[in-house]
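This report concerns only the one structure given below.
Since we're looking at a predicted model, the values are computed, not measured. In what follows, every chain begins at residue 1, and chains take the letters A, B, ... in the order their sequences are listed.
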Number of protein chains: 2
Amino acid sequence: MSGYDDISRATVELTAVIITMRDGEPCVLAVDAPDRSALALPSGPLQSGHRTLQAGVRSWVEKQTGQELGYIEQLYTFGDRHGRALAVPHHRTISIAYLALVCAGDDVASDTRPWRRWYAFFPWEDHRSGRPSASGPLLRRLGQWARKSGRLNDPDCRERVGLTFGIGDTPWDEERALERYEMLYEADLVPEAASDRGDEAPTTKSNPAGVPMFSDHRRILATAISRIRAKIKYRPVLFELMPASFTLLQLQKAAEALSGMSLHKQNFRRLIAQQSLVEETGELAIDTGGRPAKLVRFRKEATLEQPTPGVRLKATRRGAYP
Amino acid sequence: MSGYDDISRATVELTAVIITMRDGEPCVLAVDAPDRSALALPSGPLQSGHRTLQAGVRSWVEKQTGQELGYIEQLYTFGDRHGRALAVPHHRTISIAYLALVCAGDDVASDTRPWRRWYAFFPWEDHRSGRPSASGPLLRRLGQWARKSGRLNDPDCRERVGLTFGIGDTPWDEERALERYEMLYEADLVPEAASDRGDEAPTTKSNPAGVPMFSDHRRILATAISRIRAKIKYRPVLFELMPASFTLLQLQKAAEALSGMSLHKQNFRRLIAQQSLVEETGELAIDTGGRPAKLVRFRKEATLEQPTPGVRLKATRRGAYP
DNA sequence: CCCTCTTATGCTCAAGATAAGCATAAGGTC
DNA sequence: GACCTTATGCTTATCTTGAGCATAAGAGGG
């Protein structure tokens, strides 16, 4: 073993991506960054009083936002920013990101916490009504970038763009949210890329590149989105976001909002039914605008029974944009 | 913000689970623990010279074992041991585990590194020829434990055992390797549970509980196994373990060894074929013991093309032990 | 060379799961 | 009552999957 000096002590930053559904939109809890320059995810350093990492996350979030956390899982540990080495070698920060899902609660109006729609940060990820308008300019600029960089070091670059964004005969894969953000970062199409270099970011308002975030927080959020989109298919995490009882359409809308795709209604119901993930409460939802729907609740036992209890979803219009 | 003292500096331990295939068996690289008390995964503290976390892992592994790493991915970050609070608050260690897959290479014989068959650590996980003999005693003792703890705080405990180990009409789910290890730990059936408490572990040799490891390293290995078993189904990671060219049977045997299940031969080939994950080299394998098999190689392009290019596998005898 | 053993490979068939849509039910509004 | 909206049941064509039969092509022994 070499001397003590070689071992770098690190500050451990705990960062939380807290997701909820509000008015049918997936939202993330975003506070002001310490320097007020941008929005940030709630976070704080691991402290001696924290008994576990999770406890630390819960504590910081409660302190900063008043939000109590239920479901929580570890997302990823970041040691550097987009592969760059850290600035000060003997005082590094590693940051451990957690994903938390909280239920909307009944009183959406009285909840004054700073929730933000997640598609404000990722406008190109919302394909519920076809490819969104933000895609156009982004894809055009990605194409330019690919042509330029393509000749040099990455001959498959254009192909990669197409695959990642579902162009040609590649279907759109909603789970690749992180890949897409990283590609946009690489292509210098998100403001964070410029500011990480130390450049002044061109502050184009209402950018197709979406609302930027402090530090690498938007990347962490993209990681969370990819994780959620993958996980709802094989674990019943969707129900963490639902109220105690709900209609199947509400459930479907939530699945659609999270995955950013629209689903076939009847097939969705069949899927839920045959996995017996829910049971009827016996009550009816009023005010659905049409025939009243039966209210259902999540069957907690399902977590145990099923090998992969999740909402296997498939887009109605599967795929393949021209 | 509170005073500086509240922020605990941490030593960051980097731990590597390095997997390869040797003689058709999945193996893990295991060194002697610092105190020689048990086998351990290669690991070392993050140092100031390490530019990134990954670089730190690579560097320690090479120093300790001479093994160079190719494919590498982050596994999990552990801040405590099995949920227990850390001993000394102002000097905590968090440990970041990585998974690396390395290709066997052509000269298995000349590789003197300390590879260990992973089923030596998890004898109950190898279901290639039915439920292994180690299962019997373990299940019996798990049953006893469940009966005892069941009355008190966990009425569903017996059910949970059955689901986790695939008893009754629940099929065996090979991906639940981590859950199973954690259940055995909880039930005090692995030596690590006793030694974490400070007790002397009863050193029964040739235990059905498998070979123990230093600290929580066996838990980390279980995490890796679960991850691999899940991932080979949707990403072409299996090929990281294969030589440049191989036969389909070799590939199948590797998939079987990793997942711990035996697969239907013709269906396995169909699956690989229809995903066009491999292409023929034109050569034939000699010495297969029967009709010579065509040699194939992995099609790297497949990584891009396919939405989920992996070896979707399903056990021949799916399931349901009596 | 024939018989037998081993592995490779092609093909079929029945079940089960999925994608899409038709049709009907049951509320509300004018 | 006509018409709109959402809920829910059911059908059909297609794919996918699990399982197994059958044949091919090598080796070795007689």
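Cation-pi geometry between A:R229 and A:W172 is not met at under 6.0 angstrom from the ring centre and within 45 degrees of the axis.
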Identify all pairs in which a protein N or O lies below 3.5 Å from an N or O of nucleotides 25-30 of chain D, and state each distance.
residue: D:dA25; atom: O4'; partner: B:R291; partner atom: NE; Å: 3.3

Might you list the N or O atoms of the protein lying below 3.5 Å from N or O atoms in nucleotides 9-13 of chain D, with each pair's distance?
residue: D:dG9; atom: O6; partner: A:Q266; partner atom: NE2; Å: 3.3

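Take A:Y119 and apply the ring pair (Phe, Tyr, Trp, His ring centres under 6.0 Å) test, not counting sequence neighbours, and it matches no residue.
Taking atom CG of B:L295 as the reference point, atom P of C:dT7 lies 17 Å away to the nearest angstrom. For the pair A:K233 NZ and C:dT18 C1', the computed distance is 15 Å after rounding to whole Å. Distance, B:Q275 CD to D:dC15 P: 17 Å, rounded to whole Å. At whole-Å resolution of the value, CD1 in B:I272 and P in C:dG10 are 14 Å apart. For A:Q274 and C:dG16, the CD to P distance is 12 Å, given to the nearest whole Å. For the pair A:H264 NE2 and C:dC22 P, the computed distance is 10 Å after rounding to whole Å. In this structure, the NZ atom of A:K253 is 11 Å from the C1' atom of D:dT6, given to the nearest Å.
For the pair A:R128 (side chain) and A:K253 (backbone), a donor-acceptor distance under 3.5 Å is absent. A donor-acceptor pair is defined here as one N or O able to donate and one able to accept, closer than 3.5 Å; such a pair exists between the side chain of B:R299 and the backbone of B:S276. Distance alone, capped at 3.5 Å, places no donor-acceptor pair between the A:D23 side chain and the A:E25 backbone.
One finds the CG atom of A:L295 at 7.0 Å from the OG1 atom of A:T247 (value rounded to the nearest 0.5 Å). Residue B:L258 holds its CG atom at 6.0 Å from CG of B:L241, rounded to the nearest 0.5 Å. Between A:W124 atom CH2 and A:L142 atom CG the span is 10.0 Å, to the nearest 0.5 Å.
Between A:F239 and A:F298, the two ring planes are parallel [angle under 30°; tilted spans 30° to 60°].
Among the heavy atoms of the strands lying under 4.0 Å from B:L249 are primed sugar atoms or P, OP1, OP2 only; no base atom is included.
The phosphate of D:dT6 (OP1 or OP2) has no side-chain N or O of A:K265 nearer than 4.0 angstrom.
In this structure, the nucleotide among C:dT9, D:dT17, D:dA7 sitting nearest to the side chain of A:A293 is D:dA7.
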